[in-house]
Amino acid sequence: MKKLSIFIALSAIVFSGCKQDDEFSGPDLNNLYGGFSIVQDLDISNRNVDFSSGESTYFTATFSKNVEWNIEIKGLTSGAIRNIEGFSDNLNNVNALWNGTTSILPMFKGEDCAVEVTFLNQTDTLRDTLTVVAGRVNQGFLLSDFENGFPANWLTFIQSGANMSFNIQTSDLSAQGTHYYDMGGDVNWDWLKGYVYIPASAYGVQAFPLNSNPANVYFNTFYYKVPTLNNALILFQFCEDDNEDGTFNANNEDMYSIQVTPTAAGWSQLSVNYADLAALVNGAPSTPAGNGVKEPHKLMQVNILHLANPTSGYAQSYIDYLIFTENGPLIP
């Protein structure tokens, strides 16, 4: 009996040592070798979403395995596109949330949208539609989006060249809303085709209501390159009233600038930190004429100059949606 008891005890130890762990710590074999299928079809939480009132929407679906997916939302009127990407076995209110932002300009506006979900190395495609009741409203100091015409008390100068076209145009393909400002013309004796001066006084103030810290202030706008034209330049100038006497003197007060050369056809975004602006003379860095301290809270005028080499012929570009934002660039 004593030998039998020892045998039973040893057997218990051996079998106990061979017990399998209930938890499998390796990769999910289904994700490595399993087939892909749609378990739950695409659905949309809010099919009539009003981004202007702060609403959002999200997409749901379930898959048989983790997979790389892409959601493309395309505005059927504007052509705006928003892409949301991820890697998971489902879409949910965290990884597939949309708050109205845009990946490819223009910005979304009130319009119907097509939704398409595709998967890496899979032929399956999910499709649906939704309606944007109204597009996003961005926080910041808006100079103009041209939706209500040319702003009162802005100042303009247009050269007496050929085919001058400094005016507001209407199009569903505008960067934001349905209007943009068209600048164009052929001036064969001067780089300047025309300009727009935007004084703070047009808004009833001596200086724009901006943060005093230049690192916190961003100037944003959209500009458009006509596909067949390559010669346009856009110069943005920022005139500070250093002594706060209500006027700007170019001889002894600071003017900072940024020059844009449109290169990619269609709409592009310019977002520049005020701290990164430079004093320019003929496009080259120079010494500021004033105290040399960037003071956005003393900014009293923004200038927009449309330029081109006078020997290069007709030049044209568009601008839309000029806005100052704080603590970060515009997220369209």
Side-chain angles (χ1 to χ4, degrees), residues 38-63 68-119 125-148 170-180 209 216-222 266-271 320-332:
I38 307 298
V39 177
Q40 179 182 336
D41 205 358
L42 177 65
D43 201 0
I44 303 173
S45 67
N46 187 351
R47 294 177 176 273
N48 293 279
V49 57
D50 185 354
F51 294 120
S52 69
S53 63
E55 291 182 3
S56 61
T57 189
Y58 62 88
F59 308 92
T60 59
T62 305
F63 323 125
E68 290 187 33
W69 47 261
N70 178 75
I71 304 171
E72 181 187 89
I73 309 151
K74 183 172 184 178
L76 297 180
T77 300
S78 67
I81 292 176
R82 171 61 171 156
N83 288 305
I84 306 173
E85 299 177 341
F87 177 79
S88 66
D89 63 0
N90 71 92
L91 307 180
N92 56 58
N93 62 344
V94 176
N95 65 11
L97 177 69
W98 184 40
N99 63 357
T101 55
T102 304
S103 300
I104 300 176
L105 294 169
M107 293 176 62
F108 285 90
K109 55 201 72 179
E111 59 184 322
D112 293 331
C113 298
V115 180
E116 185 173 275
V117 184
T118 55
F119 307 91
T125 300
L126 303 179
R127 294 183 176 87
D128 209 328
T129 60
L130 62 81
T131 298
V132 174
V133 176
R136 283 164 50 88
V137 176
N138 296 289
Q139 299 299 312
F141 187 83
L142 180 66
L143 297 179
S144 184
D145 59 4
F146 305 108
E147 295 303 296
N148 297 311
T170 302
S171 171
D172 286 328
L173 302 180
S174 58
Q176 184 271 344
T178 57
H179 296 78
Y180 62 87
N216 290 344
V217 177
Y218 289 78
F219 172 74
N220 312 268
T221 191
F222 302 125
W267 288 106
S268 298
Q269 178 175 344
L270 169 66
S271 289
D320 195 7
Y321 202 67
L322 299 99
I323 186 172
F324 284 101
T325 56
E326 192 169 321
N327 299 323
L330 172 70
I331 300 176

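- From Thr125, atom OG1 reaches atom CD1 of Ile38 across 9.0 Å, with rounding to the nearest 0.5 Å.
- No side-chain donor-acceptor contact under 3.5 Å links Arg136 to the backbone of Lys109.
- Salt bridge Asp128/Arg47: present, at least one basic N to carboxylate O contact under 4.0 Å.
- Between Thr129 and Val115, every side-chain heavy-atom pair lies at or beyond the 4.5 Å cut-off.
- In the model, Thr57 has a side-chain atom that pairs as donor or acceptor with a side-chain atom of Ser45 under 3.5 Å.
- Counted within 6.0 Å of CG on Asn148, heavy atoms from surrounding residues, nucleotides or ligands total 12 or fewer; the atom is thus considered open.
- Between Thr131 and the choices Val49, Leu76, Asp112, the side chain to side chain contact (heavy atoms under 4.5 Å, CB included) rule is met once, by Asp112.
- Atom CD of Gln139 has 12 or fewer heavy atoms from other residues, nucleotides or ligands within 6.0 Å.
- Gln176 contributes no side-chain N or O that, together with a main-chain N or O of Met107, makes up a donor-acceptor pair within less than 3.5 Å.
- Annotation: the span from Thr118 atom OG1 to Asn70 atom CG amounts to 4.5 Å, rounded to 0.5 Å.
- Side chain of Glu55 to backbone of Asp50: a donor-acceptor contact under 3.5 angstrom is found.
- The number of heavy atoms from other shown groups lying within 6.0 Å of CD1 (Ile81) is above 12.
- In this structure, Trp98 has its ring center at least 6.0 angstrom away from the ring center of Phe59.
- No side-chain donor from either of Thr102 and Arg82 sits under 3.5 Å from a side-chain acceptor of the other.
- Screening Thr325, Leu270, Leu330 against Phe219 for a side chain to side chain contact (heavy atoms under 4.5 Å, CB included) leaves a single residue, Leu270.
- Atoms CG and CD1, on Asn95 and Ile84 in that order, are 9.0 Å from each other to the nearest 0.5 Å.
- Between the side chains of Ser88 and Asn90, no donor-acceptor pair is found at a separation under 3.5 Å.
- With 3.5 Å as the limit, one finds no donor-acceptor pair spanning the side chains of Ser174 and Trp267.
- Using cut-offs of 30° and 60° on the angle between ring planes, the pair Phe222 and Tyr321 is parallel.
- Separation of the Tyr180 and Phe146 ring centroids does not fall under the 6.0 Å cut-off.
- There is a side-chain donor-acceptor pair under 3.5 Å between Asn220 and Ser271.
- With hydrogens and angles left out, the side-chain atoms of Glu147 and Thr178 include a donor and acceptor closer than 3.5 Å.
- Side-chain atoms of Ser78 come within 3.5 Å of backbone N or O of Ala80 as a donor-acceptor pair.
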